[in-house]
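Since the structure comes first, as structure tokens, the remarks are kept for the end.
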Amino acid sequence: MESRRYRRLYDRLVSPVYDWSLAWFSLPLGGNTRFRRGMLEGLAFAPGERVLDATCGTGSCAVALRERLAPPAGLVGSDLSLGQLRVARRKPALADVSLLVSDASRLPFRDGAFDLVAIPHALHEMPRPLRLAVLREARRVAGDEGRVLVLELDRPANPLLRFAMAFWFLFWIPHPLNYETRTRRDMARHGVPREMAEAGLAHVTKRALFRGVMQAVEGRA
């Protein structure tokens, strides 16, 4: 989605109800807290790692990351929407986390500023050129030794589960009523691991989560 439209939509309309909608959509996955924690299962975090949540939204994934990071780890959250960040700043678990307005395709950090850059549940909203730009920027700020982690929707192999997923997540609503329809389908067609490799990331690995409904894809910068 074009950045100006994104800010207008999320600042004015989506932010006040965003956490409520997450709670509803994550019910089949055990609820938002269990879902966010489950997305990070199997990931290792080293003491003192510098971590950026580059599309933090209202901070739900940042809260789960904060739980997993060992002090004195440095966690930073950024998002294009000030409205989303206002909600995140009200969460006690993020009281010591720096949260700033930033475009994930043009991050205000030096090369190699972080050990891990997370992109949770945002690429499916972006057209392909923007997805690749965000992944390349994540690679840049992760540096030569860093990691990039993408948390996203996936396409389960079970056709009944695909049908249930499409119904629950409102995939049946066509574009433009559901503005994510085109970009989500395009992301699925190209594949997150393939686009991460195309953006210059190496040793890309994918973990299927929640019976293939979700995926966690990690690559090395």
Side-chain angles (χ1 to χ4, degrees), residues 14 18-46 49-70 73 75-79 84-85 87-88 91 93-94 97 99 104 114-126 131 134-135 138-139 142 146-158 161-162 164-166 168-171 180 183-184 187-188 191-196 199 201 203-220:
V14 176
Y18 190 79
D19 281 355
W20 176 87
S21 66
L22 284 180
W24 172 259
F25 288 127
S26 63
L27 278 177
L29 306 176
N32 191 38
T33 299
R34 184 174 180 274
F35 163 60
R36 295 296 183 174
R37 290 171 176 169
M39 292 298 295
L40 301 179
E41 285 182 3
L43 294 173
F45 296 92
E49 270 196 315
R50 303 159 299 167
V51 178
L52 171 67
D53 183 343
T55 55
C56 71
T58 59
S60 294
C61 184
V63 170
L65 283 167
R66 186 69 185 84
E67 291 176 352
R68 292 290 307 275
L69 295 174
L75 174 63
V76 175
S78 68
D79 197 88
Q84 295 283 82
L85 292 174
V87 177
K91 296 182 177 179
L94 301 179
V97 174
L99 299 170
F114 295 93
D115 302 297
L116 171 66
V117 179
I119 307 171
H121 311 289
L123 290 184
H124 69 273
E125 298 180 354
M126 305 176 188
R131 291 196 304 269
V134 168
L135 289 169
R139 181 189 182 280
R147 298 174 289 155
V148 174
L149 171 67
V150 173
L151 306 176
E152 261 302 345
L153 298 161
D154 204 358
R155 190 174 188 271
N158 186 314
L161 189 54
R162 283 203 306 273
M165 174 186 175
W168 190 260
F169 291 140
L170 308 181
F171 290 173
E180 298 177 355
T183 53
R184 175 184 52 78
M187 183 193 76
V192 172
R194 189 184 308 167
E195 290 194 332
M196 290 180 70
L201 292 157
H203 308 293
V204 177
T205 58
K206 171 182 170 178
R207 291 183 301 121
L209 301 169
F210 297 100
R211 299 185 179 182
V213 172
M214 297 288 168
Q215 59 183 318
V217 189
E218 190 173 11
R220 293 278 174 177

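Model, not experiment: these values are computed from the prediction. Residue numbers count from 1 along this sequence.
Put simply, CD on Glu180 and NE2 on His124 are 3.5 Å apart, with the number rounded to the nearest 0.5 Å. Taking CZ of Arg50 as the reference point, atom CG of Leu69 lies at 13.0 Å (rounded to 0.5 Å). Note that CG of Leu75 is 7.0 Å distant from CG of Asp53, once rounded to the nearest 0.5 Å. Considering CG of Leu149 and CD1 of Ile119, their distance stands at 8.5 Å, rounded to 0.5 Å. One distance of note links CG of Leu151 with CE of Met39; it measures 4.5 Å at 0.5 Å rounding. Interatomic distance, CG of Leu135 versus CZ of Arg139, reported as 11.5 Å (0.5 Å rounding).
Contact of the Val97 side chain with the Val76 side chain is not registered, since no non-hydrogen atoms from C-beta on lie closer than 4.5 Å. For the pair Val204/Val217, a side-chain contact is recorded, criterion being any heavy-atom separation below 4.5 Å from C-beta on.
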Q: Could you go through the side-chain contact (heavy atoms from CB on, under 4.5 Å) check for Lys206 and Val192 one step at a time?
A: CA-CA 9 Å; Lys206 171 182 170 178; Val192 172; over 6 Å; no

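The two residues Arg34 and Leu29 have their closest heavy-atom pair at NH1-O, 3.2 Å. The nearest pair of heavy atoms linking Arg66 to Ala93 is CG-O, 3.8 Å. Of all heavy-atom pairs between Leu153 and Arg184, the closest is CD1-CD, 3.9 Å. What you find for Ala88 and Leu99 is that their closest heavy atoms are CB-CD1, 3.8 Å. Annotation for Leu65 and Ala118: closest pair CD1-CB, 4.3 Å, computed over non-hydrogen atoms. For the residue pair Phe114 and Val51, the shortest heavy atom distance occurs at CD2-C, 3.7 Å.
Counting only distance, with no hydrogens or angles, the side chain of Gln215 and the backbone of Leu209 share no donor-acceptor pair below 3.5 Å. With hydrogens and angles ignored, the 3.5 Å screen pairs a side-chain donor or acceptor of Glu152 with a backbone N or O of Leu123. A side-chain donor-acceptor contact under 3.5 Å links Arg68 to the backbone of Leu40. The main-chain N or O of Pro28 is never found under 3.5 Å from a side-chain atom of Trp168 such that the two would form a donor-acceptor pair. In this structure a side-chain-to-backbone donor-acceptor pair under 3.5 Å is present from Arg207 to Glu41. Side-chain atoms of Asp115 do not come within 3.5 Å of backbone N or O of Gly146 as any donor-acceptor pair.
Ring geometry, Trp24 versus Trp20: the interplanar angle falls under 30°, so the pair is classed parallel (tilted spans 30 to 60°).
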Name the atoms and distances for all side-chain donor-acceptor pairs under 3.5 Å in residues 55-62, with sequence neighbours left out.
unit_1, atom_1, unit_2, atom_2, d
Thr55, OG1, Pro120, O, 3.4
Thr58, OG1, Asp19, OD1, 2.6
Ser60, OG, Asn32, ND2, 3.4

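Remark: His121 pairs with Phe35 by the ring-ring contact (aromatic ring centres under 6.0 Å, His included) rule, at least two apart or across chains. The side chain to side chain contact (heavy atoms under 4.5 Å, CB included) search around Arg155 returns Arg162, not counting sequence neighbours.
The residues Arg147 and Glu49 are annotated as salt-bridged, a charged nitrogen and a carboxylate oxygen being separated by less than 4.0 angstrom.
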